[in-house]
Amino acid sequence: MKFQDLNIITPILKALSEEGYTEPTPIQEKAIPVILQHDDLLGCAQTGTGKTAAFAIPLLQLIYNKKPAHHIQCLILTPTRELAIQIGESFAAYGRHLPIKHLVIYGGVSQHPQTKSLDNGIEILIATPGRLLDLMQQGHVSLKHIEYFVLDEADRMLDMGFINDVRRVVTKLPNKRQTLFFSATMPMEIADLAKNILQHPKYVEVTPVSSTVQAIDQQLYYVDKEEKRNFLTTLLSESHIQSAIIFTRTKHGADRVSKHLNKAGIKSEAIHGDKSQNQRQNALSKFKAGEARVLVATDIAARGIDIENLSHVINFDLPNVPETYVHRIGRTGRAGATGSAISFCDYEELGCLKDIEKLIGKKIKFMNSANSLTQKDKKAEPKENTKKDFRHKKKTNYSKR
Ligand code: AMP
């Protein structure tokens, strides 16, 4: 199927071709016609499937056809600043030949430029819940003309504790509107919220979590906890990995890994919740520009970061929640590209590994132990007591997986 077959107007088709998109992704193929028919939509899709364009393209078209009105006709609510910025970039790209203005608002930065842009009149507002409520309370934002409402990453809103803020925003929306609801998973609370805010929605689902990862080359190394940093350095020094996002479980861990790599001459930047918005954007820009070879991130900070052509994801720590593994590695191999995911697993993480393999329905390819890869590197040899540690936990004999 081609974008032309979806009845998309010429200025948007032109922008899509300039973006290098040749054909719609499955979610786009399914969602665009539904949205153009003015139906509500419940979309079960995760980041990396092309879901932003799946709603941005038809919304731009609907607003253009109705005539842009210089007041807020469309609200997109998304959990993180990074996602908000990324969605804003998508609207800018696909709408570059249309006279439609959008604005991205989020907290942690001065509100002045945001309120100034609001005063100038915009049609599309992309917001995180906190800053939106704040500006609504101050009278800078009115939602009374909203015709299109998108709730993006609803399950993440719940995880991050924003669900009541979302409910408060919804109460201020006109009843007559078109609502698009996206969530990667459907926990009970999210399913209830969807039921309350959608009217006769069409349901669109793309490849369930477990199968989206099949195309990604996944590798596993067993590494003792205290050897992980040295092993990572060796891996990055000896391999052809050009750029990678490295995931750690904690903010502190991200900083430590980043420092260690920089000391070893591997340029890296860390992003996590304790860094200011500017620091995060700087780190991301450096990584995107190739000035930093690796980006070390926690899950929350990395959520919504869109980096094209990412070849590698490294799980320095395995996540406790198996779906997080899928989200992480989904950052490589986006929109059909191939990618690799390398995971380190220490003794304490064997349970997490089991859960992950259950979710993805296969064993991750076992490469070799850290010892054989790093044997040249004296520092990376496991300490005697660690070896013993593994031996007495004989049930976990790695070679007998
Ligand atoms: P998303 O799921 O919205 O985060 O999109 C994932 C990535 O796929 C983004 O980098 C988009 O620019 C890219 N993308 C979206 N739609 C297409 C398409 N039809 N063809 C190629 N790339 C796309």
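Keep in mind that the numbers below use all heavy atoms, side chains included, and drop hydrogens, waters and symmetry copies. Counting convention: from 1, in listed order, for ligands and their atoms alike.
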Close N or O approach (Thr22, ligand 1; < 3.5 Å) = no
Below 4.0 angstrom from a heavy atom of Phe3, which ligand 1 atoms are there? Numbered from 1 as shown, please.
-> 19 (N)
Would you say the side chains of Gln114 and Arg131 form a donor-acceptor pair under 3.5 Å?
-> yes
Counting both backbone and side chain atoms, is some N or O of Gln86 under 3.5 Å from an N or O of ligand 1?
-> yes
Please lay out, stage by stage, how Gln138 and Gln111 fare under the test side-chain hydrogen bond (donor to acceptor under 3.5 Å, both in side chains).
-> CA-CA 11 Å; Gln138 295 178 46; Gln111 70 171 50; 2.8 Å; yes
Apply the test ring-ring contact (aromatic ring centres under 6.0 Å, His included) to residues Phe247 and Phe316: give CA-CA distance (whole Å), side-chain angles for both, the deciding distance (0.1 Å), then the verdict.
-> CA-CA 6 Å; Phe247 284 98; Phe316 184 87; over 10 Å; no
All heavy atoms of Leu6 vs all of Pro24, minimum pair found to be CD1-CG, 3.9 Å
Taking atom types as modelled, find out whether His260 and Asn230 have a side-chain donor-acceptor pair closer than 3.5 angstrom.
-> yes
For Glu23, the atoms of ligand 1 under 4.0 Å from one of its heavy atoms are 18 (C), 19 (N), 20 (N)
N or O pair under 3.5 Å between Gly50 and ligand 1 | yes
